[in-house]
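Here is the structure we will look at.
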Amino acid sequence: MTKHTITPPAAPILGDAYVCDCGEDLPSRMSAEVHAAETGQCSVCLGSAQEPVAPGFVPELTRDCTACAGTGRRREQVVWQLAHAEAEQLITLSVVRDVVAGIDGPFHLSEVADAVRAGLGLQTGRLPVGPRVRDLLLRLQASGEITMLSAPDELLAGTDVVLYRDPQWQRARTLGT
Ligand SMILES: [Zn+2]
Ligand SMILES: [Zn+2]
């Protein structure tokens with residue numbers, strides 16, 4: 001069996017050419033993505049199962065690819081894409097708002113995600129509940145309904161890129177406090 005290990009350009013300034021172990025010429029990011037999909041690999045991480053945490057800033061800092069759940073495989077990527085779409089349909093802004101409304105003090109992302117998962121009767125690991133809930137909490141934050149209390153866990157590239165592991169928020173107008 002031919003191995004299709006795709007290697008990104010070593011020095012991006014010299015061109016955007018990827019190489020694959022099978023010898024296929026991959027002159028652009030797009031052709032590398034197509035080749036990854038054709039050979040059963042995730043088209044986001046190109047089969048490496050890793051993705052940069054802060055692309056363009058700290059390329060050597062990576063985490064498990066979120067598109068394929070760290071497997072590097074196309075099949076998992078497709079399954080996970082469907083799971084993301086399902087989570088988006090199931091977990092709406094009002095679901096998250098209701099959970100937040102029932103909490104008096106400050107709350108962590110993980111607490112809201114657990115409450116949403118329990119409320120919808122979802123098994124752990126079946127749907128990407130955490131990322132979806134985080135997106136919706138950030139929307140509530142943008143509209144001023146909640147305020148973020150956490151300081152970032154890590155600062156990357158100065159203060160341009162920050163990382164939060166399990167951020168904490170509080171409702172903007174909590175009665176009686
Ligand atoms: Zn190949
Ligand atoms: Zn991937």
Side-chain angles (χ1 to χ4, degrees), residues 1-93 95-96 108-110 112-114 116-117 120 122-139 141-142 150 152-158 160-167:
M1 217 175 93
T2 317
K3 284 268 272 172
H4 293 281
T5 306
I6 301 171
T7 314
I13 346 148
L14 299 177
D16 200 18
Y18 289 69
V19 281
C20 182
D21 276 2
C22 70
E24 178 103 2
D25 237 347
L26 305 168
S28 65
R29 168 79 204 180
M30 182 61 84
S31 58
E33 285 179 16
V34 170
H35 189 63
E38 282 169 353
T39 53
Q41 304 184 82
C42 171
S43 64
V44 174
C45 62
L46 305 176
S48 72
Q50 295 289 307
E51 66 176 4
V53 171
F57 287 99
V58 199
E60 63 278 8
L61 185 66
T62 59
R63 65 181 163 204
D64 281 357
C65 175
T66 45
C68 60
T71 61
R73 288 194 295 267
R74 176 72 181 152
R75 206 169 58 87
E76 275 74 6
Q77 185 192 5
V78 172
V79 168
W80 212 227
Q81 267 170 358
L82 293 174
H84 271 284
E86 196 184 336
E88 251 172 65
Q89 271 191 338
L90 217 57
I91 305 164
T92 60
L93 196 59
V95 167
V96 170
H108 281 280
L109 166 61
S110 56
V112 180
D114 286 347
V116 166
R117 201 179 283 116
L120 296 172
L122 294 170
Q123 281 173 333
T124 311
R126 201 179 76 77
L127 289 182
V129 174
R132 175 64 178 158
V133 168
R134 184 195 55 214
D135 287 351
L136 294 173
L137 286 173
L138 287 174
R139 242 199 271 172
Q141 181 188 329
S150 319
D153 293 310
E154 260 175 73
L155 295 174
L156 307 174
D160 287 342
V161 184
V162 294
L163 271 191
Y164 293 95
R165 294 227 156 67
D166 189 10

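Remember, it's 1-based here, ligands and their atoms both numbered in the order they're listed.
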Pairwise side-chain contact, Y18 with S31, heavy-atom cut-off 4.5 Å (strictly under): no
Beyond-backbone contact of R134 with L137, side-chain heavy atoms, under 4.5 angstrom: no
Where the Zn ion (ligand 2) is the vertex, angle from C45 SG to C68 SG to 10°: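 Between SG of C68 and SG of C45, the angle at the Zn ion (ligand 2) is about 110°.
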Angle, SG of C42 through the Zn ion (ligand 2) to SG of C65 - 10° precision: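 Answer comes to 120°, rounded to 10°.
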Expected output: side-chain R139 to main-chain L93 donor-acceptor under 3.5 Å: no
Angular separation of H4 ND1 and C20 SG about the Zn ion (ligand 1), given to 10°: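 Centred on the Zn ion (ligand 1), the ND1/SG angle is 120° (to 10°).
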Apex the Zn ion (ligand 1) - arms NE2 from H35 and SG from C22 - angle rounded to 10°: 110°
Side-chain H-bond candidate by donor/acceptor type, T39 with Q41, under 3.5 Å: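 There is such a pair (donor and acceptor under 3.5 Å, judged by atom type) between the side chains of T39 and Q41.
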